[in-house]
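Reviewing the structure listed below.
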2 protein chains.
Amino acid sequence: MRSKQSTITIHDVAKAAGVSVSTASRVLNNKADVSPETYKKVRQVIDDLNYTASLAAKSMRSRTTNVLGLLVPELIEVYYHEVIKGVGAAIENSGYDLLIYTSGSPTRNKRASWEREHVALLSSGLTDGCIIVSPSAPTFQQNANIVVIDPHGAGAEVPSVVATNHEGAIQAVDYLVSLGHRRIGFIQGHPTAWSALQRFEGYKAGLDKAGIEFEAALVCDGDFTSACGKAATYHLMNQPNPPSAIFAANDRTAIGVLEAAQELGLNVPQDLSVIGFDNIPETMQTTPRLTTIDQSIREMGSLGVRLLIEMLQNRESAQLLHTVPTSLVIRDSCWMRKQ
Amino acid sequence: MRSKQSTITIHDVAKAAGVSVSTASRVLNNKADVSPETYKKVRQVIDDLNYTASLAAKSMRSRTTNVLGLLVPELIEVYYHEVIKGVGAAIENSGYDLLIYTSGSPTRNKRASWEREHVALLSSGLTDGCIIVSPSAPTFQQNANIVVIDPHGAGAEVPSVVATNHEGAIQAVDYLVSLGHRRIGFIQGHPTAWSALQRFEGYKAGLDKAGIEFEAALVCDGDFTSACGKAATYHLMNQPNPPSAIFAANDRTAIGVLEAAQELGLNVPQDLSVIGFDNIPETMQTTPRLTTIDQSIREMGSLGVRLLIEMLQNRESAQLLHTVPTSLVIRDSCWMRKQ
DNA sequence: TTGTACGCGTTATCAC
DNA sequence: GTGATAACGCGTACAA
C-alpha cells in the first residue's frame with residue numbers, strides 16, 4: 001500500500017504496523033512511553049521495510065541531527081585531505097556522522113560569500129554544527145555552531161584552530177642559521193592568509209634572533225602555489241648576491257623552488273638549501289626530499305572536531321584560539337652553506 | 001539551544017522586501033515572470049540578509065537539489081581519499097555540488113544495512129543521486145540514482161565502475177615470470193570482494209599462460225590488511241620450498257609482506273620479489289619502493305561522477321559494467337630470480 | 001505580475 | 001500508551 005512516491009515514509013511504517021505515525025515516530029526515536037509489544041512490532045516493520053527517516057524532513061522539524069558538517073573549498077589539494085583524515089579519525093566512535101560539503105561551481109571566486117552561503121546551507125538544519133577550513137570570510141551567522149581551521153582573517157570571533165606559525169617559522173630560520181646560512185630568502189604566502197603573515201613575522205623574528213639584518217630584496221611575494229615558488233626562485237637567484245637558502249611559506253611553493261632550481265642547474269641542497277612549511281605527504285617524494293616544518297594538519301582536523309562537539313554540549317571553553325604545535329622535519333633539502 | 005528565530009527564512013525576505021513569499025521564491029529561482037524592479041529589490045534584500053534557502057526544506061519539496069552524494073565507509077584509509085580526489089576533480093565545473101557522507105558509529109559492522117540506510121538517507125531528497133564506494137550490499141532501492149565503485153558483489157544491477165582486476169593480475173604474474181620466477185606466492189584479498197576474486201583468477205590465468213602448475217600451498221588467505229600480509233609471509237617463507245616472489249592482492253597487504261620480510265632477514269628484492277595491487281601513494285615511500293599494478297583509483301572516482309551525471313540527464317548508457325584499465329608500475333621491489 | 005493555499009516527511013504538543 | 005494535529009521552510013498549482 002505504498003503511496004505513489006518511491007521513498008517509503010513513516011506513514012508507510014505506521015500503516016504496516018497498524019499504529020499511528022506518532023507511535024511510529026516514538027519507536028524510531030526510542031522514546032520511553034511505548035509498550036514493549038508495540039515497540040517490537042514497529043521495529044520489525046522498520047526492518048522489513050528497510051526504512052530510514054529522511055534526514056531532510058527530520059532536521060527540518062527537530063533541529064538536531066547528530067551530524068557534523070565540514071566545509072572545504074575543494075577536494076584536490078592534498079592539504080584538505082590531510083584535514084579530512086584528521087576529522088575522519090576524530091569522528092570515529094564519536095556518535096556523530098559526518099557530512100562533507102564542497103562545491104563544484106566556479107562561484108568559488110567569491111569565496112567569502114560562498115562560505116557564508118554554505119555555512120547557512122549546512123547550519124540551517126542539516127547539521128548540528130560545522131567546521132570550516134581556511135575560511136576567508138571573517139564572520140559568520142551569529143548563532144551557528146561553528147569552528148574554524150586555519151582562518152584567513154586574524155580576529156577570530158569563533159573557536160579557531162591554528163598552527164604555531166610564528167614559532168614554526170622561527171624554527172625554520174634557526175635551523176638554516178645553524179647550518180651556517182646568513183642570506184636566507186623568503187617567499188610569501190597568500191597575502192590575505194593570517195598564517196602566511198605569521199610565518200613572515202616568524203621569519204623576521206628568526207633573523208633578528210640570529211643578529212641577521214632583514215633585507216627586503218630577499219623577500220618575494222607569493223600565494224601558496226608552486227608557480228609563485230618558481231618565479232620567486234628565478235628572481236632571487238638571478239640577483240647579484242643571491243641567497244644560499246630559501247624558506248618558502250608552504251610546501252607547495254617550496255616544490256616550485258625545487259623545480260626552478262633544477263631548471264637553473266642548481267643542486268639542492270649543495271648549491272641551495274630549501275625549506276618548506278606544512279609537511280604534506282608529497283614532501284617525501286620530491287628529489288631531494290623536502291625539509292619542512294610539520295604543522296600536523298591532521299591534528300588540526302581532529303582538534304576541530306573535539307572543539308565542535310564540546311560546543312554542542314555547551315562545554316565550550318572560554319578560549320577561542322587553539323594552537324597546534326609545529327616541529328622541524330629534517331630531510332634532504334638543506335645543507336651546510338658552502339664556504 | 002538555538003533560538004527559534006535564529007534562522008532567517010524566505011518569509012523574512014518577503015517581509016523585508018514587501019512582497020509575498022512566492023514572489024521571493026520566484027526571484028530566488030530566477031523565474032521569468034517577475035518585474036525587474038521587484039526582482040532587484042528582492043535580490044537586494046537577499047544579499048543584505050545573507051539569506052540561503054534551506055537545503056533541507058528545499059530538497060524535501062522540490063526533489064532536485066543539484067547535489068551529488070558520495071558514500072564512503074570511512075575516511076582514514078588512503079584508498080578512499082584517492083577515490084575522493086577523482087570525484088572532486090570530476091565535480092569541478094560540473095554544476096553540481098558534492099556531499100560526502102560517512103558515519104562515525106561502529107554500526108558499520110553491519111555494513112550492508114548501513115549502506116542501505118544511508119543510501120536512503122541521501123537519496124530521500126538530499127541529493128539527486130549518489131555514488132557508493134566498495135558497497136557490500138548487492139542491491140539497493142529500485143528507483144534511486146545510484147552508481148557503484150568497486151562493488152563487493154558480482155551481479156551488478158546498477159552501473160558499476162571496476163578496474164580490470166583480472167587483466168591486472170595477469171600483468172603482475174607476466175612480469176614476475178619475465179624475471180624468471182616460477183614459484184609465485186599469492187595472498188588473497190577480502191573473501192567477499194569481487195575484485196579480490198578476480199585478481200585470484202587472474203593469478204591462476206597468468207600461471208597457466210606461463211605453463212606453471214598451480215600450487216595451492218603457495219596461496220594464503222587474506223583480507224586486504226597489512227596484518228594478513230605479514231602472517232602470510234611468515235607462513236609462505238617458512239615452507240620447505242618457499243616462493244621466490246609474492247603477489248599480494250593489494251598494496252596494503254604487500255606492505256605487510258615487506259615488513260615481514262625485513263623481520264625475517266630477507267632482502268627485497270634480492271631474496272624475495274614483492275608486487276602489490278592498487279598503487280596507493282604509500283607505495284612510493286616503502287623501502288624498497290613497491291612495484292604494483294596501478295588501478296587508477298582516481299579515474300574510477302571521476303568515471304563514477306560522469307556516469308551518475310549521465311544517469312541524471314537520462315542519457316544512461318545500456319552498459320552496466322564500466323572498466324578502468326590497470327597498468328604495471330615498475331619500482332624497486334621485484335628482481336630477477338636468484339639462480 | 002503577484003498572492004493564497006497546500007503538501008513534502010517529520011517531530012512536538014496536546015488530547016484521549 | 002496512543003492517536004490526531006500543528007508546525008518546520010520551501011515550491012508550485014491555482015486563483016486574483
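Worth knowing before you read on, the calculation uses all heavy atoms, side chains too, and leaves out hydrogens, waters and symmetry mates. Since the model is a prediction, treat every value here as computed from it, not as a measurement. Within every chain, numbering begins at 1; the chains are lettered A, B, ... in the order of the sequence lines, protein sequences first and strands thereafter.
- Across D:dG1, C:dT11, D:dG11, the shortest atom-to-atom separation from the side chain of B:N29 is found for D:dG11.
- With D:dG11, D:dT12, C:dT10 as the choices, the nucleotide that has an atom nearest any side-chain atom of B:K31 turns out to be D:dT12.
- As a whole-Å value, the separation of B:I10 CD1 from D:dC8 P is 15 Å.
- Residue-to-nucleotide contacts include a donor-acceptor pair under 3.5 Å from the side chain of A:S22 to the base of D:dA4.
- For D:dC10, the OP1/OP2 oxygens have a side-chain nitrogen or oxygen of B:Y51 closer than 4.0 Å.
- Atom CG of A:L99 sits about 8.5 Å away from atom OG1 of A:T65, to the nearest 0.5 Å.
- Between the side chain of A:S160 and the main chain of A:V148, no donor-acceptor pair closer than 3.5 Å is present.
- A 4.5 Å side-chain heavy-atom check between A:I84 and A:V133 finds every atom pair outside the cut-off.
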Strictly under 3.5 Å: I want the nitrogen or oxygen pairs between protein and nucleotides 14-16 of chain C, one per line.
none

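- Under the 3.5 Å distance criterion, the side-chain polar atoms of B:D128 are left unmatched by any main-chain donor or acceptor of B:L68.
- The existence of a salt bridge linking B:E82 and B:K85 is confirmed by a sub-4.0 Å separation between a basic side-chain nitrogen and an acidic carboxylate oxygen.
- Two residues are said to be in side-chain contact when any heavy atoms from C-beta on lie closer than 4.5 Å; A:C130 and A:Y101 fail this criterion.
- Rounding to the nearest 0.5 angstrom, the gap separating the CG atom in B:D48 from the CD atom in B:Q44 is 4.5 Å.
- Atom-to-atom, NZ of A:K58 to P of D:dG9 comes out at 18 Å; the value is rounded to the nearest Å.
- Side-chain proximity of B:S20 to the nucleotides D:dC10, C:dG9, C:dT2 is greatest for C:dT2.
- No side-chain heavy atom of B:T38 sits less than 4.5 Å from a side-chain heavy atom of B:R26.
- Whole-Å rounding puts the A:K15 NZ to D:dG3 P distance at 14 Å.
- Here the nucleotide nearest the side chain of B:S25, chosen from C:dT2, D:dC10, D:dT12, is D:dT12.
- Which of C:dT10, D:dG11, D:dT2 sits closest to the side chain of A:A57 comes down to C:dT10.
- For the pair B:S94 and B:V305, the minimum side-chain heavy-atom distance is 4.5 Å or more.
- DNA chain D is contacted by A:V34, A:S35, A:T38 of residues 34-43 of chain A, taking any non-hydrogen atom closer than 4.0 Å.
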